[in-house]
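Note sheet for the following structure.
To find a chain, count down the sequence lines: A is the first, B the second, and so on, and within it residues start at 1. Everything numeric here is computed off the predicted structure, so don't read it as measured data.
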There are 4 protein chains.
Amino acid sequence: MSAILDAAIRVLDREGADAMTTSRVAEVAGVSVGTLYQYFGNRDAILHALQDREFERATTMMMRVLLEAGGVAEPRVARSVIEELLKLYRAAPALHRVLAVEGLRVTDSERVQAFDLRIVTVIRSFLMLGGAALKPRNLDAAAFVVYQSVRASMLAYLLEQPAGVDDATLVDELSALVSAYLIGT
Amino acid sequence: MSAILDAAIRVLDREGADAMTTSRVAEVAGVSVGTLYQYFGNRDAILHALQDREFERATTMMMRVLLEAGGVAEPRVARSVIEELLKLYRAAPALHRVLAVEGLRVTDSERVQAFDLRIVTVIRSFLMLGGAALKPRNLDAAAFVVYQSVRASMLAYLLEQPAGVDDATLVDELSALVSAYLIGT
Amino acid sequence: MSAILDAAIRVLDREGADAMTTSRVAEVAGVSVGTLYQYFGNRDAILHALQDREFERATTMMMRVLLEAGGVAEPRVARSVIEELLKLYRAAPALHRVLAVEGLRVTDSERVQAFDLRIVTVIRSFLMLGGAALKPRNLDAAAFVVYQSVRASMLAYLLEQPAGVDDATLVDELSALVSAYLIGT
Amino acid sequence: MSAILDAAIRVLDREGADAMTTSRVAEVAGVSVGTLYQYFGNRDAILHALQDREFERATTMMMRVLLEAGGVAEPRVARSVIEELLKLYRAAPALHRVLAVEGLRVTDSERVQAFDLRIVTVIRSFLMLGGAALKPRNLDAAAFVVYQSVRASMLAYLLEQPAGVDDATLVDELSALVSAYLIGT
DNA sequence: AATGAATGAGAATTCATTCAT
DNA sequence: AATGAATGAATTCTCATTCAT
């Protein structure tokens, strides 16, 4: 039930990851723990569902931006993706924090499931489509490095609110970073 | 006592973050919990101490590399720092994972203490010294973005061991990323 | 509804006593929990119904065997009853295990209801009918001891499958035990 | 700690098996749950410890009785063992009930550990020592059947307090049962 | 200073039972 | 009569922290 997922995000963002206990989520969702367990077999299932939702949102967004750009890799496209991603992250920073943290905790068997790896695969295929405009690069590594860079910077920006950096600056610099690296501009 | 810190790292890297309980650390260190609490008032104090030690190592390393390079910002310098950083991370990936994770959990009052922010400050001053060779940039943002990018990529690389990326590739791509962004090469 | 009782036995024997939850029984029976509660006011009511069914089967079987033997107490009769009982137990060992366990849990007020006590009463009346052929005994105690002995041995045999004992051996030894005790042969 | 084991028995006998929760045992023992878990890694460990203690008591008792009898198998010996066993059972009927119940729940891997099987082995070796006086029997089956019979009758007697049976009668009949079966008297 | 037994709040999870539809 | 989502008390187990020795 999406009420439970929404409650989980709310708890995550307002009270922190430690507060995301099954009881607290149930309480905030306005249901009993029992009900929560009817929908999610265990605590992790909630995070998995959240991950799937976010993964879909991010993927959809990237596809939309790329389609609007006509499939051409340009600084403009990178900037659009980064802007949209910032919106996605801002909607639930703590969720993305948890997703990132859990991604790094992933065990071999679950590896393919991790948010990280799924997104990197999507980015990799975008880079392949970008074609001639891009500098020649090891696609695996480039997709990996670009994703980690953007994700980490955005996340740390939202959670730490470092002095001297605001939304516009962050988008500018991340766009510059990615464009310089991938396109050479 | 550094025996306790070493034990903490050992537990962290061999048994995972969840296993780093105060009792387990004490056990591995060969002391009693009571003794551990004599040196570290609470669990977090251990992490703080670990953070300080890592911070010092990283800072020292960067200074050394920069001095050896004669204070000039060049791709070669970026690559050296990245290579050295990889060594530091590889020595205790799980420690750096925890440091990263905890850094993002930081509350306002402790903000200045976080590993992240301290390192960004150091990097910022390096960028200032780099002088004319560098593209003009918002220093705060540039230091921030560069640090987060390198740190996240390195950490994810060590913990996730993504397919298609090895040490050399990672160093190459991170160097390219940073150089293209800061120097334009 | 006997579909529910059959489901309960199936669950009991295939999945164990712990798995016999009301939901699981309902599921296996192909009805909803709600429906189950329409027929059985609470979980225990299912066990009571099961007990009644088993009690009737055992009683009927014993009567049939005794009638076929012409009402005379002989080793041959004891053996027949034991053989038939083994069949009954083998059809649903876990059920009989639960019945035995629950019988021992019985509270004062429900005492008369317990499978144990009901069966012992039936056996007692068989012994009375046996007449002159039997050694003189305290009938209450004899019925009690004989029943407990046969039941426990059979149950443990089916559930533990002890080394060195098979169907034939068990029937032989139990027959010898009972005959020696009651008839002196 | 034996205070915990004693508390477990007290709870078992006064409040029933269901009441034997870790918290309740800790409470009755006058310690915290945490302390309980320091001594017993999990709930079952308590039962295992109890089992070991009872096993040792029963074994010691049987050896003592047999030694006193000079190693000869006679009705008198059987009666003594039965009398002593009744004392042991009476001291904690609910404990023996649980031990019996758990014995039947035993899985393959733990089989050898079960109270039942351990005791049967001991009895088997007593029967071997009994020598010429005994009727020829399949030792495995005889030990098994005798143990189950005595145990079940005694337990049901203590827990159900069946009408028409008292201590003396029970001992008489069980002695008669065992003697008739094993010795032919 | 060192010890480590004791603490107990708190977390995840289960399941008999109810009741509105 | 049937349904099955919702309930929530109860249970097991963990671990940071304390304190008497």
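When heavy atoms are screened at a 4.0 angstrom cut-off, Tyr39(B) is found touching the sugar-phosphate backbone but no base atom. Within 4.0 Å (heavy atoms only), Met1(A) reaches sugar-phosphate atoms of the nucleic acid but no base atom.
Along DNA chain F, the nucleotide nearest Leu36(C) and the nucleotide nearest Gln38(A) are compared for position; the residue whose nucleotide lies closer to the 5' end is Leu36(C). Comparing Thr35(A) and Ser32(D), the nucleotide of DNA chain E nearest to each residue sits closer to the 5' end for Ser32(D).
One distance of note links CD of Glu54(B) with CG of Leu99(B); it measures 7.0 Å at 0.5 Å rounding.
Under the 4.5 Å side-chain criterion, counting only non-hydrogen atoms from C-beta, Asp52(B) is in contact with Arg118(B). Residues Arg24(B) and Val28(B) form a side-chain contact, since some pair of their non-hydrogen atoms from C-beta on lies under 4.5 Å apart. Arg97(A) places a side-chain heavy atom less than 4.5 Å from the side chain of Val101(B). The closest side-chain heavy-atom distance from Arg43(B) to Val25(B) is not below 4.5 Å. Side-chain contact between Met20(A) and Ile46(A) is present, with at least one heavy-atom pair separated by less than 4.5 Å.
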List, with names and distances, any nitrogen or oxygen atoms from the protein found under 3.5 Å away from nitrogen or oxygen atoms belonging to nucleotides 9-12 of chain F.
unit_1  : atom_1 : unit_2   : atom_2 : d
dT12(F) : OP1    : Arg43(D) : NE     : 2.9
dT12(F) : OP2    : Thr22(D) : N      : 3.1
dT12(F) : OP2    : Thr22(D) : OG1    : 3.1

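Ring orientation note: the planes of His96(C) and Phe115(C) are nearly perpendicular, at an angle over 60° on the 30°/60° scale.
Counting 5' to 3', DNA chain E first comes under 4.0 angstrom of a heavy atom of chain D and last does so at the ends given by dA5(E) to dG8(E).
Consecutive pairing runs in DNA chain E reach the stem threshold at E:2-21 with F:2-21, where a stem means at least three Watson-Crick or G-U wobble pairs with distances under 3.5 Å.
Under the rule for a side chain to side chain donor-acceptor pair (under 3.5 Å), Glu56(C) has no partner lying at least two apart in sequence or in another chain. Qualifying side chain to side chain donor-acceptor pair (under 3.5 Å) partners for Thr22(C), counting only residues two or more places apart in sequence or in other chains: none.
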Would you give me the side-chain donor-acceptor pairs under 3.5 Å for residues 5-13 of chain A, sequence neighbours excluded?
unit_1   : atom_1 : unit_2   : atom_2 : d
Asp6(A)  : OD1    : Arg53(A) : NH2    : 3.1
Asp13(A) : OD1    : Ala94(A) : N      : 2.6

